[in-house]
Amino acid sequence: MSTNLLYWVALTPNLTFDWYFTGSFSFHFEGVYADWQTKGSHPKTWSVWQASPELRYWFWGKDYRFTGHYLGLYGHLGDFDFMFNNSHGYVGSYKGGGFSYGYVFPLNTALCMEVGIRFGFDHVTYNNYYYEKPNYYKDTYHENII
């Protein structure tokens with residue numbers, strides 16, 4: 001079990017699980033969930049969830065199994081709702097996948113640090129919503145991101 005510290009900096013709790021199986025392969029699963037809302041005259045929303053499975057192939061490290069370099073194939077999907085002022089926000093969903101590369105450094109016999117990068121494709125559908133008294137209005141967009 002591990003976590004992504006950069007998500008925590010963005011106030012987004014997350015956990016990852018790794019299952020190691022035959023030969024040089026592992027299955028990595030990441031789950032992300034945050035639902036922060038403020039009330040009052042200037043409401044704000046930071047709401048997101050994401051699920052991301054990944055199959056990894058490991059090039060063995062020197063000291064421990066499942067350390068060193070890996071290549072992966074991942075997918076992910078999720079929803080979001082971001083509103084940073086009381087009149088404008090974004091709500092939508094995304095799905096995608098691609099390839100990953102990473103390196104795992106053993107810090108000691110119990111702890112490791114992982115550094116990685118992902119290259120892939122996302123399809124995002126979202127609504128840009130805004131408030132003009134007394135109604136909410138929205139515009140729908142579809143984007144493909146590489």
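Residue indices begin at 1 and follow the sequence shown. Side chains included, hydrogens not; waters and symmetry mates left out as well; all remaining heavy atoms used.
Taking both residues in full, the closest heavy atoms of Cys112 and Pro106 are given as SG-CA, 3.9 Å, listed atom of the first, atom of the second, then distance. The minimum heavy-atom distance linking Leu11 with Trp36 is given by the pair O-NE1, 2.6 Å. When every heavy atom of Thr12 is checked against every heavy atom of Trp46, the shortest pair comes out as OG1-NE1, 3.1 Å. When all heavy atoms are compared, the tightest approach of Tyr90 to His88 is OH-CE1, 3.1 Å. Taking each heavy atom of Gly68 and Trp58 in turn, the nearest pair found is O-CZ3, 3.9 Å.
Listed by chain and number, the residues in a ring-ring contact (aromatic ring centres under 6.0 Å, His included) with Tyr101 are His69 (sequence neighbours excluded). Qualifying side-chain hydrogen bond (donor to acceptor under 3.5 Å, both in side chains) partners for Asn4, counting only residues two or more places apart in sequence or in other chains: none. Here Leu111 pairs with Leu107, Asn108 under the side-chain contact (heavy atoms from CB on, under 4.5 Å) rule; sequence neighbours left out. Checked against side-chain contact (heavy atoms from CB on, under 4.5 Å), Phe17 has the following partners two or more places apart in sequence or in another chain: Met1, Leu15, Trp19. The side-chain hydrogen bond (donor to acceptor under 3.5 Å, both in side chains) check on Thr16 picks up Ser2, with sequence neighbours excluded. Residues passing the side-chain contact (heavy atoms from CB on, under 4.5 Å) test with Leu73 are Phe99, sequence neighbours excluded. Every residue meeting the side-chain contact (heavy atoms from CB on, under 4.5 Å) condition with Val91, not counting sequence neighbours, appears here in chain and number order: Asp81, Asn127, Tyr129. Annotation: side-chain hydrogen bond (donor to acceptor under 3.5 Å, both in side chains) contacts of Glu114 (sequence neighbours excluded): Arg56, Tyr70. Tyr7 meets the side-chain hydrogen bond (donor to acceptor under 3.5 Å, both in side chains) test with no other residue; sequence neighbours excluded.
Between Phe25 and Phe21, the ring-plane angle classifies as parallel under the 30° and 60° cut-offs.
The shortest distance between side-chain heavy atoms of Ser52 and Phe29 does not fall below 4.5 Å. In this structure, Gln50 and Phe80 have side chains that are not in contact, with every pair of non-hydrogen atoms separated by 4.5 Å or more.
In this structure, the separation between OG1 on Thr3 and CD on Glu30 is 8.5 Å, given to the nearest 0.5 Å. Between the OH atom in Tyr126 and the OG atom in Ser93 there is a gap of 12.5 Å [rounded to 0.5 Å].
Residue Trp49 is found in a hydrophobic cluster whose other members, listed by chain and number, are Tyr33, Leu77; membership requires side-chain heavy atoms under 4.5 Å apart, directly or through intermediates. Through side-chain heavy atoms spaced under 4.5 Å, either directly or across other Ile, Leu, Val, Met, Phe, Trp or Tyr residues, Tyr74 is tied to no other residue.
Listed by first then second residue, pairs satisfying salt bridge (charged side-chain N to carboxylate O under 4.0 Å, His left out) with a partner in residues 117-128 read Glu54-Arg118, not counting sequence neighbours.
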